Number of protein chains: 2
Amino acid sequence: MDIELRSGCPINLTMEVMGDRWSLIIIRDIMFGNRRHFRELLTHSEEGIASNILAARLKRLLSLGFISKRDDPSHSQKAIYSLTEPAIQLVPVFAMIGAWGRRHLPVSEELSIRAELLEEGGPPLWDEFMEDLRQIHIVDPIGGANGTCTSAVLAKLTAAFLEVRARSSSQVS
Amino acid sequence: MDIELRSGCPINLTMEVMGDRWSLIIIRDIMFGNRRHFRELLTHSEEGIASNILAARLKRLLSLGFISKRDDPSHSQKAIYSLTEPAIQLVPVFAMIGAWGRRHLPVSEELSIRAELLEEGGPPLWDEFMEDLRQIHIVDPIGGANGTCTSAVLAKLTAAFLEVRARSSSQVS
DNA sequence: GCAACTAGTTTCAAAATGAAATCAGATGGA
DNA sequence: TCCATCTGATTTCATTTTGAAACTAGTTGC
């Protein structure tokens, strides 16, 4: 599973690796949604990825070294997918992409609150989040997957998301 | 030419707009290479885009409002493509993507010097560059295309690029 | 008048995508 | 023990996208 190497330009290479419809979305869901199993990524996906595509992308990301996979001790058939350091370092990229999308595309308030907080927090928050992610995905991937090991930043982002969702659904009714 | 709107997530929407093999590459070439005509984008492309794909992407980016197109007064058949404000605001995204790619992918020194300078310069340099781009693409697109109107930042990035190229080609011989 | 250049379009094969059905092993409850 | 359900996928097949090459139609400069 090699990348194509059309040119050694950093932007081109990043697009060769992440420039498809799903790879970055999958990493986003692992990172911000803490979805660590195939089934979670498949069924809790906002965008509705197909299972064959998910399997293919996980395999590709694995072989490129952006995620890792290990057995879940609680179920011999379950696999836990974790982010590797290169994927964790995508946090500032996500922050910038989120900030740009929020300004120039028809985002929903509910789904853009996390991008807003990430933008407001700036590099100090990104660093704190990346440190949390290292704990959850590299130091203690199993505890991270089952919720024993958690992140203050992730909790904050998720709480804000749920609050906006509650607010907007009460407006509807 | 609508985007698909699978979800209102900023990252998803950005991927729906820019998450293909070529759109961001084309914007990169217009932005950093100041390639303003179809032929320049086609033949000076490091990565070798096909003419039908280039035509389709230009049409799509045009309809999404990320580039604009006008007649070149010097040649009745020439068109000048320019960046719009939303595309100019991709500068920080390019800086982050370039910085990430430079660390985690097999970039060539020659093609990553610009990413390095952009990263070193930080937000102040990005702002200066964006201000230059507004001049070249929005205020005076025709002067920007023929070189009458130029950018100090672009000149610096290009000079560094040419210097590295000269250095590495002399090593070869 | 003609070679070279302009911005594309056309054609067609190959590859990628996506929806749906399917699979085989593991688990948990009756 | 049986069976429904859950696990991470794979298979099938129609549709869509990509990409290379050839081609078009008009423009320009010599």
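Please read all numbers here as calculations on a predicted model, not as lab measurements. Below, read A as the first sequence line, B as the second, and so on, with proteins coming before strands; counting in each chain starts at 1.
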Steps toward salt bridge (Lys or Arg N to Asp or Glu O under 4.0 Å) verdict (B:Glu109, B:Arg167):
CA-CA 11 Å; B:Glu109 192 198 351; B:Arg167 185 144 39 87; 3.7 Å; yes
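- To the nearest angstrom, C1' of D:dA9 lies 16 Å from CG of A:Leu61.
- Counting to the nearest Å, the P atom of D:dT18 and the CE atom of A:Met15 are 12 Å from each other.
- The interatomic distance linking A:Asp20 (CG) with D:dT17 (P) rounds to 15 Å, in whole Å.
- Using a distance-only test at 3.5 Å, with no hydrogens or angles considered, a donor-acceptor pair links the side chain of A:Glu40 to the main chain of A:Arg36.
- A heavy atom closer than 4.0 Å to some atom of DNA chain D occurs in A:Lys69, A:Gln77, A:Lys78, these being the qualifying members of residues 67-78 of chain A.
- Not a single donor-acceptor pair under 3.5 Å links the side chain of B:Ser112 to the backbone N or O of B:Ala115.
- Of the possible donor and acceptor atoms, one in the side chain of B:Trp100 sits under 3.5 Å from a partner among the backbone N and O of A:Pro86.
- Of the possible donor and acceptor atoms, one in the side chain of A:Asn34 sits under 3.5 Å from a partner among the backbone N and O of A:Gly144.
- One atom, CG of A:Leu41, and another, P of D:dC6, lie 18 Å apart when rounded to the nearest Å.
- Running 5' to 3' along DNA chain C, contacts with non-hydrogen atoms of chain B at under 4.0 Å begin and end at C:dT6 to C:dG18.
- Taking atom CZ of A:Arg39 as the reference point, atom P of D:dA9 lies 10 Å away to the nearest angstrom.
- Atom CZ in A:Arg35 sits about 14 Å away from atom P in D:dT7, given to the nearest Å.
- Residues B:Glu119 and B:Met96 fail the side-chain proximity criterion, which asks for heavy atoms closer than 4.5 Å.
- For the OP1/OP2 pair of D:dT7 and a distance below 4.0 Å, the side-chain nitrogens and oxygens of A:Arg36 include no atom meeting the criterion.
- Positionally, the nearest nucleotide of DNA chain C for B:Ala55 lies more toward the 5' end than for the other of A:Gly48 and B:Ala55.
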Do B:Gln135 and B:Glu131 pass the side chain to side chain donor-acceptor pair (under 3.5 Å) test, and can you show the C-alpha distance, the side-chain angles, and the key distance before you say yes or no?
CA-CA 7 Å; B:Gln135 202 63 35; B:Glu131 203 45 60; over 6 Å; no
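- When the nucleotides D:dT11, D:dG19, D:dG8 are ranked by their closest atom to the side chain of A:Asn52, D:dT11 comes out on top.
- The ring-ring contact (aromatic ring centres under 6.0 Å, His included) contacts involving residues 106-155 of chain A comprise A:Phe32-A:Phe129, where partners must be two or more places apart or lie in separate chains.
- For B:Arg102 (side chain) and B:Ile113 (main-chain N/O), no donor-acceptor pair under 3.5 Å exists by modelled atom type.
- Taking atom CG of residue A:Leu42 and atom C1' of nucleotide D:dT7, one finds them 12 Å apart after rounding to whole Å.
- Rounded to whole Å, atom P of D:dA20 lies 13 Å from atom CG of B:Leu54.
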